[in-house]
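To start, the structure under review is shown below, and the notes come after it.
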Protein chains: 2
Amino acid sequence: MATRTRRSQRRTEALSRERIVETAVELLDAAGEGGLTFRALTERLATGPGAIYWHVANKNELLGAATDAVVAAAVAPRPAATPHSPRDGVRAVALGLFDAIEEHPWLAAQLATQLSRSPAGSVAPRIFESIGRQVRALGVPEGSWFTTASALMHYIFGAAGQNSANTAGARTLAPDVNRAEFLDTVSSAWEQLDPDDYPFTRAVANQVREHDDREQFLAGLDLVLNGIAALHTPSG
Amino acid sequence: MATRTRRSQRRTEALSRERIVETAVELLDAAGEGGLTFRALTERLATGPGAIYWHVANKNELLGAATDAVVAAAVAPRPAATPHSPRDGVRAVALGLFDAIEEHPWLAAQLATQLSRSPAGSVAPRIFESIGRQVRALGVPEGSWFTTASALMHYIFGAAGQNSANTAGARTLAPDVNRAEFLDTVSSAWEQLDPDDYPFTRAVANQVREHDDREQFLAGLDLVLNGIAALHTPSG
DNA sequence: ACCTGAACACCGTTCAAGT
DNA sequence: ACCTGAACACCGTTCAAGT
């Protein structure tokens, strides 16, 4: 059923698990994992801690529910977009997760934590299904589905996580420092590393400064897609 | 265990930042992130919180130092092993990180958190340099170094993180349940998903049960390596 | 310089009591 | 069934005081 968020009349709305989760996501977005406390929650929802505990078992479950809600929205197929090719399908799913992690920087660490706590939960299958359908569309033989989908998922998680790290890092440094300035800081720090210990890192420091996150994410994704194609080319 | 076990010999050793970090790693290994508290630390080190704060600024810094210590050990080149091929070099570095995350399950989430807090810190360059040297050895042209090394690092982080999730998950379920039984549980859960919503995930549920983590990790790594080779083959 | 330990503010969680 | 809010155990951190 379609659930619509109505931002008016918040205070008169009845307390519900859904509204608690929604508020939790807002608090996480606003101030990171440290921003989600039961006190902040009770204040925003104008209630007591006992009321929240009636709807959710504990903070871990709440974090899990917040993670699931955001992931579900991220991998939900967009109505208008029908991909022209299987590769575009993979890119669409990947960018959906990439954007979600960028929009909710707390998500990367939470995915690692939540997947470890309950991989049989709803988050892992949701993501896996979404990626897997594209793998099937790529023409990968069934015996390789699991390995291929896993490899894609791992690349996407790793890359999106690192990317959100850059976004979050830029925020941590200073509120008014934008991403370009932040990358500039990292690049400069890398340029000043010991030449004997860090020759490679120093050599690419300049590429750090100039790179575009999205472009790089897609370039890496293409690397993985090429590897998949190399294994399963029909012509041989 | 209600009785506190304190190694009396410890007390005679001088307190140092190094010993604090070492003890922090032990606590993290034993009980996860929740196991690292200043109270547990003071008990083990037979001291007061003020003494610890003389050596480390706060808990975040301590977590960062613990992460760095473990990563440094993981990417340190092993004396005996000289890889036979560039690909073997990549595999060696990747497996070093893979094993470290498996041995220290808290590491995956900490890497995500710590890299976001200070990407200009020591952890990111350490890992990047280690992977980058292998990328250079692979013969990748310099203009693609950053993208290629990033893609490899992202895959490794994502895969190793997911893998540690399985290890940690097995521990969470029950102390005496081993990994095979845990994967069996996940597999069964996936088999019971809604056929309309999760056709792909249900189809691969059996591959979840049968897969070997290390094999799958290396198979995915080869996928990425094949993709890299496809872009930069000097001749066929 | 290095350490002690009581004290403080804040956190997640509980529960007898209300509607 | 759903909510209130005081209370509890525990946490990270501080700081006047000691050596």
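Just so it is clear: chains get the letters A, B, ... in the order the sequence lines come, proteins before strands, and each one is counted from 1.
Out of C/dG5, C/dC11, D/dG12, the shortest distance to the side chain of B/Lys59 is found at D/dG12. Taking the side chain of B/Trp54 as heavy atoms from C-beta on, and the options C/dT13, D/dT4, C/dC2, the nearest nucleotide is C/dC2. Candidate nucleotides D/dC3, D/dT13, D/dA6 were compared by shortest atom distance to the side chain of A/Thr47, and D/dC3 ranks first.
Atom name P, nucleotides C/dC2 and D/dA17: the rounded distance is 22 Å, in whole Å.
Rounded to an integer number of Å, the gap from B/Arg39 CZ to C/dA6 P is 12 Å. Between the CZ atom of B/Phe38 and the C1' atom of C/dC11 there is a distance of 16 Å, given to the nearest Å. Atom OH in A/Tyr53 sits roughly 12 Å away from atom P in C/dC15 (whole-Å rounding). Rounded to a whole Å, the CG atom of A/Leu41 is 16 Å from the C1' atom of C/dC10. The separation between B/Ile20 atom CD1 and D/dT13 atom P is 13 Å, rounded to whole Å. Between A/Asn58 atom CG and D/dA9 atom P there is a gap of 20 Å when expressed in whole angstrom units. Protein atom CG of B/Leu15 is 13 Å distant from nucleotide atom C1' of C/dA1, rounded to whole Å.
For the pair A/His55 and D/dC3, the criterion of a side-chain N or O lying under 4.0 Å from OP1 or OP2 is met.
Electrostatic pairing of B/Arg44 and B/Glu22 does not count as a salt bridge here, judged by no charged N lying under 4.0 Å from a carboxylate O. Salt-bridge formation is detected for the pair B/Arg17/B/Glu61: a Lys NZ or Arg NE/NH1/NH2 atom is positioned less than 4.0 Å from an Asp or Glu carboxylate oxygen.
Using a 4.0 Å heavy-atom cutoff across all strands shown, B/Ile52 reaches no nucleic acid atom at all. Heavy atoms of B/Leu36 sit under 4.0 angstrom from primed sugar atoms or phosphate atoms, though from no base atom.
A donor atom on one side chain and an acceptor atom on the other are found under 3.5 Å apart for B/Glu129 and A/Thr201.
Look at D/dG18: its Watson-Crick or wobble partner, with both distances under 3.5 angstrom, is C/dC2. Pairing for D/dT13 goes to C/dA7, judged as Watson-Crick or G-U wobble with the two contacts each under 3.5 Å.
For the salt bridge (Lys or Arg N to Asp or Glu O under 4.0 Å) test, no residue two or more places apart in sequence or in another chain qualifies with A/Asp197.
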Go through it in stages, so that I can follow the logic: the residues are A/Leu63 and A/Glu33, the test is side-chain contact (heavy atoms from CB on, under 4.5 Å), and I'd like the CA-CA distance, side-chain angles, deciding distance and then a yes or no. CA-CA 9 Å; A/Leu63 275 166; A/Glu33 198 176 341; 4.1 Å; yes
